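Computed from a prediction, not measured in an experiment: that's the story for all the values here. Side chains included, hydrogens not; waters and symmetry mates left out as well; all remaining heavy atoms used. Note on naming: letters A, B, ... go to the chains in the order of the sequence lines (proteins, then strands), and numbering restarts at 1 for each one.
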Amino acid sequence: AQSVTQLGSHVSVSEGALVLLRCNYSSSVPPYLFWYVQYPNQGLQLLLKYTSAATLVKGINGFEAEFKKSETSFHLTKPSAHMSDAAEYFCAVSDGGSQGNLIFGKGTKLSVKP
Amino acid sequence: SQTIHQWPATLVQPVGSPLSLECTVEGTSNPNLYWYRQAAGRGLQLLFYSVGIGQISSEVPQNLSASRPQDRQFILSSKKLLLSDSGFYLCAWSVEGGGHEQFFGPGTRLTVL
């Protein structure tokens, strides 16, 4: 069965510092992987997705993620944090079924200090 | 382009009252539809999904139900709300089939008193 683990429920960085949010997955089939961002009292917005093309995936707002099969990881990074990046981030993996269900991690809340 | 709507945006209901939340999608046909709940500090919980009109699958046994009366309409209901039903309810859609991203609506904040 597919599963997702996000290490660290809270991450705090200074403005301008590197952002690294960790995601490890377990999948019995070639995975489709996703990162979403959620701002307070809003729905989730897709940041980027991996669908077996390039292993380094670029998304919106300067974020990118690298798929590493050997490490079963899909960590999210951004070179320089901005105050507007403060939000909750969710990693998700497709469950491999035709219903399109996604398995979500528990989320990581990112704080950005001035 | 595709858009997804949810209403109401916020709702305060007494325990034991009924519930109806509505979700509609525009700009696509035969989407997969999903209802999620976010309780405080508990991440996303998939409640129901639907791959077609009248086809509903439940992920978690509870006092909620879902219906899909039209291709792009998804309704979440309850006959009698419990305190534990409070939370942020999100509707999402994806293209039919598997392995695709889901697109989320703006959500409904439900408080049961």
Are there donor-acceptor pairs under 3.5 Å across chain A and chain B? List atom names and distances.
| unit_1 | atom_1 | unit_2 | atom_2 | d |
| --- | --- | --- | --- | --- |
| Y36(A) | OH | Q102(B) | N | 2.9 |
| Y36(A) | OH | Q102(B) | O | 2.7 |
| Q38(A) | OE1 | Q38(B) | NE2 | 2.9 |
| Q38(A) | NE2 | Q38(B) | OE1 | 2.8 |
| N41(A) | OD1 | R109(B) | NH2 | 2.7 |
| K49(A) | NZ | E101(B) | OE1 | 3.0 |
| K49(A) | NZ | E101(B) | OE2 | 2.8 |
| Q99(A) | O | N32(B) | ND2 | 3.0 |
| Q99(A) | O | Y34(B) | OH | 2.7 |
| G100(A) | O | Y34(B) | OH | 3.1 |
| G100(A) | O | Q102(B) | NE2 | 3.0 |

Atom [atom1] in [X], atom [atom2] in [Y]: separation rounded to 0.5 Å?
X       : Y      : atom1 : atom2 : value
L46(A)  : F90(A) : CG    : CZ    : 14.0 Å
I4(B)   : F74(B) : CD1   : CZ    : 10.0 Å
I103(A) : L33(A) : CD1   : CG    : 12.0 Å

L102(A), part contacting chain B, at a heavy-atom distance under 4.5 Å:
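Answer is both: backbone and side chain atoms of L102(A) are under 4.5 Å from chain B.
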All pairs passing salt bridge (charged side-chain N to carboxylate O under 4.0 Å, His left out) where residues 73-86 of chain A contributes a residue, at least two apart
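Listed by first then second residue: K78(A)-D85(A).
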Heavy-atom closest pair, residues P14(B) and L81(B)
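Closest approach of P14(B) to L81(B): O-CB, 4.3 Å.
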Can you give me the closest heavy-atom contact between I53(B) and P69(B), atom names plus distance?
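The pair with the smallest heavy-atom distance is CG2-O, 3.9 Å.
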